[in-house]
Structures are given as C-alpha cells and as structure tokens.
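The structure appears below as structure tokens.
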Amino acid sequence: MKAIAVAGGKGGTGKTFVAVNLARLLSSRDKTLLVDADVENPSTLFALPAEVKEVKQVESFKPLIDEAKCSKCGLCVKNCPEHALVMLVDKRILYFEDLCSGCEVCKLVCPSSAVNRGLRVEGLFKYGSYGESLDVVVGELKPGIRRSGFMITRLIEEHRGLFEKYSYVVVDSPPGSGVGLLSVVKEADVVVAVSEPTPLGLNDLKKFLTLLERVEKRLKVILVVNKHGLPGGLERDLEEEASKRGLPVIAIPYSELVVKSYVERRPIVDLHPESQVSKGLVEVARLVSS
Amino acid sequence: MEIVVASGKGGTGKTFVAANLAYYMKTSVEPVVAVDADAEAPDLLLTLGGSGEELFEKPVSASRKASIDYNKCTQCLKCLDACRFYALRVIEGKPFVIEEYCEGCNACGIVCPANCISLYVKETGIVRADVSRSGVPVVTADLDVGGRNSGELVFLAKSEAYALSRELKAKHVVVDAAAGIGCPVISSLAGAHVLITVVEPTPPSISGAKRLLEVAEKMRVKPFAVLNKFDMPSSRIDDPARELGVEVLGKIPYHRSVVEAYVNMKPLLAYAPDGEVSKRLKEIFNYFVESVLR
Ligand code: SF4
Ligand code: SF4
Ligand code: SF4
Ligand code: SF4
C-alpha cells in the first residue's frame, strides 16, 4: 500500500481537484481508495459521481449522570478538562455538550459510579465507489461540532485495516497547517503539495514545507503549481522554493476545462484526456507511483 | 459591532471580501480593527499590503500535554485503555505520548497506578498586531505549524482586537474567519453580531455555506451573504440566494484585476478603485454600512 497525501495549505488551490483526478488515474493501474479527510468541508463527492453505498455515524462519549447515585461530591466537575461540567449552588450539575471532548475523565473519577455512558453523533463516514477499482471514504463533521482534528484522527485510525486492502490510498487532506493536516501527512509515503502562484500561495507553501520538516520519516514530496500562467504570477518563486529542497515541480495551466469538468462532476482526465491539464495530472500520477 | 466574514469552503474569496470591507470602512467613515482568525493560514495582513508598523507580538500557550516519567513507569499499559484520542502508542512495551494527538485530558494520569504521568503546558502560537501598509490595523492569530487549539488562539486574538479598538476608538471589528465549520470558526462567531457568508455559485461552496449558516443560527449571529464570482462560466446554481435563505448583500463579478491586486498585495479598492469590481464592492459595502450597521 502506498499512501499519498494531497495537501493545499489554504483553501481554493485545487487540492480536491488534484486528489480526485490522481485517484482516478491510479485506479486504472490498481485498486485505489480515495479518502476525503477535509472533514469540515468534504467535497470529493462533488467532483466525482461516486455512488454512496453506506453511511455510518461517528459517535463519541457523553456523560449521563444518574441523579440517584450521585453524591454531589463534585469530583467530575473539578477534573473535567474542558469545563464542560458546572455545579450550581443548589448542587445541580449542568453539562455543556459543545465543550465536552468525550475524554471520559468524569466517568473515571466518579467514586459512586454515577456517570453512565451516553453517546452523541459528531459526524459521518460515507463509503462509496466509482467504477471497478476506485473506492471512496468521506469523513464529514457535523455542523456545530468544533473538534475537526479528532474526526480526522478517527478517520485514519479506524480505517487502517481498510487502507491495507488497496495499492494506492489518496487522501484529500484538510486545509491549513494544523494538527489535522499533520496527522494525515504523517501517514503518507508521498505528499503532493498543491499551490498557486500568488503571494499567498507562496506564503502557504513555505509554511507547509516547515510542517513537513516536523515529520521524521522520509517523504517523497511533489510540488504541483496549479493555475500556472496567472498574470503577474509568482511561478518562479514557487519553483525556487522547490529547487532549494530538490523537489520535482509539475505545472498545471489555468483552463476553463477545469471548471467545466467540475460542473459536469466528472474527472477532467476522463472528460478531456488530451488537455494540457490532464497531461500534467498524468505526470503527477507517474511520479507518485514511480 | 463585530462582523465576521466566513465561507464554509475555502477559496471563495473570503479574505478578499474581509480585506476590502475593512479597507472601505477605514477610508470612509468607520474606524475599524481587522482580525485574521484563520490561524492555520493567516493572510489578511498580506492582502492589506503587509506590515507597515508592528504594534506587538505575544506568544500564546494554550494546550496541555501528557508526559511520562519512565523511571517510575512499570509498563502496565493501563494508560493506553484510558486514552480516547489515540494519543498513546506502545513501542517495545513502553507507552509513548503522541504530542499532536494529546488533548491533555489527564485520563491516563488518573488511571496510572505508578503515578508517573504529569501534564505540561505547551506554546501553540502567537497573536500579533500591525498597522498594515494600507492603514488598517490588523490583529493576527498565527498557529504554530502542526499546532492545535486554534479556537483558543482565535479567542485571544479577538480579545486583543477589542482592546486595540478601544484604544483606537474604532467602533467595529471585522473578523476574517477560518474556512470550514470547526473550532476556530465557532470561536470567531462567538459574540459576533453579523456574519457575511462569501459564496460562489458552485455546489461545494453552497453546501459549505449551508453548514456554516447552521452554526451561525445556533450561535444567534445575524447572517448575510455575498455572492462572489457570480458570473463564473456554466454555474449550475440558479438562485443561490434562495438556496441559502438569507439576504444577499450583492453580487461580485469575476475579473482578473482581483488576482492582480492579490499579486501586488493591495486591497482591490486601492489597486483598481474605479474598476467594475470595485464599483460593485463599494455599492455592497455602502449598503451594508448604511442599512445593516446603523
Ligand atoms: S467526557 Fe471529559 S470533557 Fe466531557 S464532561 Fe466528562 S470530563 Fe468533561
Ligand atoms: S463525581 Fe460522581 S458522585 Fe461526584 S458529583 Fe460527579 S457524578 Fe456525582
Ligand atoms: S499506566 Fe503508568 S505505569 Fe502503567 S504503563 Fe502507563 S505510564 Fe506506565
Ligand atoms: S492526557 Fe488524555 S489525550 Fe493525552 S495521552 Fe493522556 S489520556 Fe491521552
């Protein structure tokens, strides 16, 4: 199994677009799994007409306090690391679900076994497939749940066994440079960094490369310069950043066909295999699998 | 008033709208402080021209992590069962804390019979304030790469922005929120009065905006929308305003000057003040300031 993280720093660089097309290309060689780890905004299913076959709820712990057993000792309140439990003057205990991390500390410390296990839904895992050899897993955070990092961790940890069944696992990574992205990148063999030739794109790429330095294992990194040829663009600066680190660079030109394929909800490598854009993507797939 | 500009999905032009709104308010009648709450990829200051004058920079230590004293550890591995966050892993019989995953909840410490787990506090980012080259004061939350707890960081950045706005007698705070709907966005919306959702006419953007509006409704923030790049080729969304069910302040066309302004690190209103896009922006912002803020 080869794990490929497609990352894009800030949003809008074309990360999902590259991930979907790359997965499609790799699936013509061997069994491929596309994992959508952009849990706050999963959009692979907008770009690929995959058929969703199963939806699973992702649940976590919430305390249910048994008033009859509770001795009002307050230990749960004192130990709750998220301040999700509060004791009122009349010794009633209030619970704030939005703050709760589901750590179960309240249950651990309760001397009267008054804290029972309740469940709440934090999001969904969706399972689908497209054609013979491409499967898709999507992690989707429920709106109003703040803990996206943990959703990503679970998406990875709970599917390790599944990943092993594929030759290629392509992960559409979360945006930004935080722990969510780090946890995805740590699992990867190859990282495809999608950037755009603007000052912000450059700024983000530098931040992302710093993040990669924190990953101890040796990673193969490929830089994709998307929307290549923007007026007044910083293609040269991006390429310089890459050559400083000896990274291969692949340019994908800006093209109307990209938007069109998006609107048609089909990978551009299927719709317009002869376009310059598709050729760039084929090159990415070749480097990834070599 | 606190105005949050957010988008649900990245790349719709949220920072573009936030930067130009802040610049518009600064150059018209309303003094303003801008906040970059996109702590994982802050670029509002750059969009407003970069730093002209640095006001301050403060390190923020916001998260707790577990550490194990191996002199005392008996390798019983009870801690492993207690951790709900996959933050402990066994290597050669010994438990190891994976710092990035650790939530600092102390469940491991509570169950450890040898009492050898303690928590320490870790620095996770900085909050800085600058006057941008275009004259707008900007407070930036900047998370360390690989860091966690950006919600806390956003909260601190907003507190600093309020302090600064009192000092500068600015009546309004404009927050450029993170993309998505997670912790930093929720912290951005907490206490805000108005949300401007920036959408483009594509299905993922509309779906992201809907998720965001659900959060805003829970948090009782008054929502509005701005439709960006509404003339995108072959959009399949007929009426995004109706899809979203909120008042649309206006539509912004796509023009390459928007990218050029980015590349030149200037708000569009300063870079191409008389262009078609700037005209639309001014109409939208004028309406917003006159009818919503008053
Ligand atoms: S599960 Fe953890 S965060 Fe939630 S209430 Fe219990 S102690 Fe607090
Ligand atoms: S720790 Fe248990 S007994 Fe004590 S207040 Fe909490 S629920 Fe009640
Ligand atoms: S519970 Fe304590 S003693 Fe047991 S393995 Fe964990 S750290 Fe070591
Ligand atoms: S403090 Fe909590 S999250 Fe960290 S290792 Fe211990 S149990 Fe796991």
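All heavy atoms count here, side chains included; hydrogens, waters and symmetry mates do not. In what follows, chains are A, B, ... by sequence order, proteins preceding strands, each numbered from 1.
When heavy atoms are compared at a cutoff of 4.5 Å, A:Val39 approaches chain B solely by way of its backbone atoms N, CA, C and O.
Dense packing is recorded around CD of A:Glu82, with more than 12 heavy atoms of other residues, nucleotides or ligands lying under 6.0 Å away. Within 6.0 Å of NZ on B:Lys229 lie more than 12 heavy atoms contributed by other residues, nucleotides or ligands. At most 12 non-hydrogen atoms from other residues, nucleotides or ligands lie less than 6.0 angstrom from CZ of A:Arg236. More than 12 heavy atoms of other shown residues, nucleotides or ligands fall within 6.0 angstrom of atom CZ in A:Arg120.
Using a 4.5 Å heavy-atom threshold, the side chains of B:Arg64 and A:Pro81 count as touching. Between A:Lys186 and B:Ile98, some side-chain heavy-atom pair lies under the 4.5 Å cut-off. Between B:Tyr262 and A:Glu196, every side-chain heavy-atom pair lies at or beyond the 4.5 Å cut-off. No side-chain heavy atom of B:Met265 sits less than 4.5 Å from a side-chain heavy atom of A:Leu200.
Between B:Leu46 and A:Pro199, the closest heavy-atom pair is CD1-O, 4.5 Å. Among all heavy-atom pairs drawn from B:Pro42 and A:Asn203, the shortest one is O-ND2, 3.9 Å. Pairing each heavy atom of B:Cys105 with each of A:Val105, the nearest pair is O-CG2, 3.4 Å.
Taking the six-membered ring where the residue is Trp, B:Tyr86 and A:Phe150 present tilted rings, their angle falling between 30° and 60°.
Here the CZ-SG distance, from B:Phe85 to A:Cys103, works out to 5.5 Å after rounding to the nearest 0.5 Å. Atoms OG and CG, from B:Ser7 and A:Asn41 in turn, are 7.5 Å apart once rounded to the nearest 0.5 Å. Separating the OG1 atom in A:Thr198 from the CD atom in B:Glu260 is a distance of 13.5 Å, to the nearest 0.5 Å. Distance check, rounded to the nearest 0.5 Å: CD1 of B:Ile110 to SG of A:Cys106 gives 9.5 Å.
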query = Could you walk me through whether B:Arg211 and A:Glu140 pass the side-chain contact (heavy atoms from CB on, under 4.5 Å) check?
reply = CA-CA 11 Å; B:Arg211 290 156 64 83; A:Glu140 187 178 310; 3.2 Å; yes
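Residues B:Arg89 and A:Glu157 are paired through a salt bridge, judged by an N-O separation under 4.0 Å between the basic side chain and the carboxylate. Ionic pairing of B:Asp43 and A:Lys207 is not present here: no N-O contact between side-chain nitrogen and carboxylate oxygen is shorter than 4.0 angstrom.
Counting heavy-atom pairs under 4.5 Å between each of A:Ser101, A:Ser43, A:Pro42 and chain B puts A:Ser101 at the top.
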